[in-house]
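Just so it is clear, the values below take in all heavy atoms, side chains as well, and ignore hydrogens, waters and symmetry mates. Each chain gets a letter, A, B and so on, in the order its sequence line appears, and its residues count up from 1.
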Amino acid sequence: MQVFIDRIRAAIAAHSGLDAAELKIESPRDPSLGDLAFPCFPLAKALRKAPPAIAAELGEKLTGDLEGISVEAAGPYLNFRIDRGTLAAQVLGTIQEEGEGFGGSDEGSGKTVVLDFSSPNIAKPFHVGHLRSTILGATIQRLHDALGYRTVGINHIGDWGSQFGKLVAAIQRWGDEVDLEGDPIRSLLTLYIRFHDEAENDPELVEAGRAAFRELESGEEGEVRATWRRLTELSLAEFDRIYQRLGVSFDHVRGEAFYEPYLEPTIERIRASGITEESEGALVVRLDEYEKGAPPCLLRKTDGTTLYATRDLAAVFHRWDEFAFDRCLYVVGSDQRLHFRQLKYVLRRMGLDWESRVEHVDFGMLSLPEGKLSTRKGQVVFLEDLLDRAVEQAGAIIAEKNPDLADPERVAEEVGLGAVVFHDQKRERVKDVVFDWDEVLSFEGETGPYVQYTHARLASILRKAVEKGLEAAELAPESLAGLADSGELLLTLGRFPTVVRSAAAEAEPSIVTRYVLELAREMNSWYANHRVLGGDPEESRARLALVRGAKIVIGNGLRLLGVAAPEEM
RNA sequence: GCGCCCGUAGCUCAGCUGGAUAGAGUGUCUGCCUCCGGAGCAGAAGGUCACAGGUUCGAAUCCUGUCGGGCGCACCA
């Protein structure tokens with residue numbers, strides 16, 4: 001697709017003297033007008049002529065310049081139509097050649113992207129609120145992988161901070177009353193809630209919590225540290241089960257505690273740059289020169305212990321020192337926008353030019369119809385419950401619609417998880433979400449299973465073609481002329497690499513989701529109106545080539561999103 | 001109070017970073033299984049792009065203000 005755009009740009013540039021790279025080529029609103037369009041408005045000022053006149057003149061000059069592309073002026077627009085055989089051969093040829101790699105490129109080779117995502121807190125249940133960071137982060141990593149970047153996915157586990165002092169204190173007091181080994185997450189949650197309830201009227205308990213965190217941070221290898229270690233191990237084992245099911249993995253699992261040895265050097269590094277000051281007994285960096293009313297960044301509390309921001313600063317320095325990244329993406333909820341702005345301001349005040357490479361890939365907050373998520377109030381949906389229900393429902397539909405399916409359990413897992421994972425990437429990241437069971441568990445319309453179904457049907461057609469001994473046509477313009485009425489679909493297929501590129505650049509998986517939905521919709525409509533097998537053999541072979549290409553692209557899109565592309569369902 | 005984000009069909013969302021007549025899904029209504037898989041296809045209906053100004057050849061898109069919603073605002077993470 002890009003080759004046609006490049007050729008058009010070059011031709012226009014040759015006749016207008018404009019820079020080819022700056023020419024905006026777009027799609028006409030009405031596909032019957034053409035495949036690509038160039039609006040002539042931007043030329044009007046330079047040439048001191050009316051856009052329609054420019055279009056007409058330019059159209060005249062371009063005619064004949066572009067082999068396989070016809071030109072037509074329509075008002076102020078110049079519309080281009082690519083010969084269908086040429087288009088089909090180019091698009092399907094590229095797909096066939098690149099296969100699972102189609103959509104990717106090597107534009108990122110030599111560049112490194114660090115991604116911080118998922119990052120759940122130890123001792124808390126993994127619920128639907130944690131799903132977005134995990135899924136979005138994993139997809140953004142795959143998008144960059146596809147573009148040839150070296151990627152480093154880091155799970156920045158929340159395993160440090162004063163809440164662990166509280167937890168340790170609670171375990172010391174009531175640890176015998178719960179089944180810590182048997183049901184760790186639930187037990188820890190019970191203890192955490194109890195701590196907060198009782199701490200309100202028990203200053204001694206509060207102090208015990210503080211003391212425990214001080215001991216933890218002191219590095220002393222005592223009982224507190226041993227307890228904290230055990231907590232971490234128990235929680236990680238639970239998280240791993242979920243990651244495995246979702247097919248998510250990390251290059252590094254580094255809790256906040258990992259950066260513990262770097263805390264003091266980090267504080268020194270910032271202090272050495274001369275931007276720190278004492279304020280009310282705490283060590284802070286003022287940031288209001290960048291933003292009116294921006295609160296200062298606290299590096300050290302009055303009691304000498306560090307904060308979240310200190311640890312994140314230590315982490316970002318460590319990552320820079322280790323990876324010298326070109327991008328460092330934090331896939332973290334929008335409730336932490338201020339935190340990341342502060343983080344970047346500190347780097348900016350230190351005069352570090354790589355500050356702009358650090359990006360907060362924020363996403364909207366999830367709530368339930370009855371209000372905010374609250375583990376303590378029981379207002380949560382546990383992720384495993386959601387996944388189980390989705391899979392169960394997929395299983396029920398399979399039993400009804402396709403009882404002879406070979407491996408129904410596996411496919412139910414693929415489709416059920418597909419629905420959940422796809423749904424979480426459907427809208428723009430920034431949008432807040434109200435969790436709705438019916439919406440997530442829907443398998444019709446703009447859903448993962450709809451796209452998977454399209455893929456499975458294309459696979460089915462290809463299987464049947466093999467049975468009949470039909471082969472796809474040679475990918476040459478002459479043999480693909482039968483696809484003359486399938487231009488829109490070919491254009492959509494050809495657009496995929498652009499989709500992948502902008503989804504990665506904007507760290508926006510929904511661009512891929514929307515694309516894959518559009519392609520599935522067009523494909524469904526197409527094969528409802530175009531019989532692939534059983535007609536004229538030449539036509540069948542050409543259409544088979546299109547089916548093969550579409551199946552590859554849909555499969556690639558789904559895989560980028562972390563959704564399985566079943567051959568049958 | 002201050003800051004950031006969001007506001008498009010009844011509902012959930014797109015709208016290609018300023019271009020041609022604002023599009024999907026869902027819900028409602030209507031058709032389509034002697035035909036490659038009906039988790040599907042085709043059609044009808046549904047709009048003051050929150051509101052008011054501004055910028056220019058042109059604004060859902062950019063700027064300002066108002067209203068509504070979300071999130072955040074020094075010793076939590």
* Quick one: does A:Tyr527's side chain get under 4.5 Å of A:Arg457's, heavy atoms only? -> yes
* Under 4.0 Å between a side-chain N/O of A:Tyr308 and OP1 or OP2 of B:rA77, yes or no? -> no
* Does any N or O donor sit under 3.5 Å from an N or O acceptor when you compare the side chain of A:Ser525 with the base of B:rC41? -> no
* Base B:rA39 to side chain A:Thr454, donor-acceptor N/O within 3.5 Å cut-off -> no
* To do: Please confirm whether any donor atom in the side chain of A:Asn79 sits under 3.5 Å from an acceptor in the base of B:rA20, or the reverse.
  => yes
* OP1 or OP2 of B:rG40 sitting under 4.0 Å from any side-chain N/O of A:Lys401? -> no
* To do: Answer yes or no: does a side-chain N or O of A:Lys301 lie under 4.0 Å from OP1 or OP2 of B:rC76?
  => yes
* **Atom C1', compared across B:rC29 and B:rG37: separation rounded to whole Å** => 27 Å
* Structure fact -> Checking B:rC76, B:rU21, B:rC4 against the side chain of A:Ser162 (C-beta onward), the nearest is B:rC76
* To do: Could you tell me whether the phosphate oxygens of B:rA14, OP1 or OP2, come under 4.0 Å of any side-chain nitrogen or oxygen in A:Lys431?
  => yes
* If you pin A:Asn524 and A:Arg210 to their nearest nucleotides in RNA chain B, which one's is more 5'? -> A:Asn524
* To do: Please state whether the phosphate of B:rG37, meaning OP1 or OP2, lies under 4.0 angstrom from any side-chain nitrogen or oxygen of A:Lys464.
  => yes
* Asked: Which of these nucleotides, B:rA39, B:rC36, B:rU21, is closest to any side-chain atom of A:Arg29?
  -> B:rU21
* Is A:Leu299 close to A:Leu307 at the side-chain level, that is, under 4.5 Å between some pair of heavy atoms? -> no
* According to a strict under-4.0 Å criterion, is A:Lys292 in side-chain N/O contact with OP1 or OP2 of B:rG3? -> yes
* Report yes if at least one side-chain N or O of A:Arg514 is closer than 4.0 Å to OP1 or OP2 of B:rG25; otherwise report no. => no
* Asked: Under 4.0 Å: is that the gap between some side-chain N or O of A:Arg427 and OP1 or OP2 of B:rC13?
  -> yes
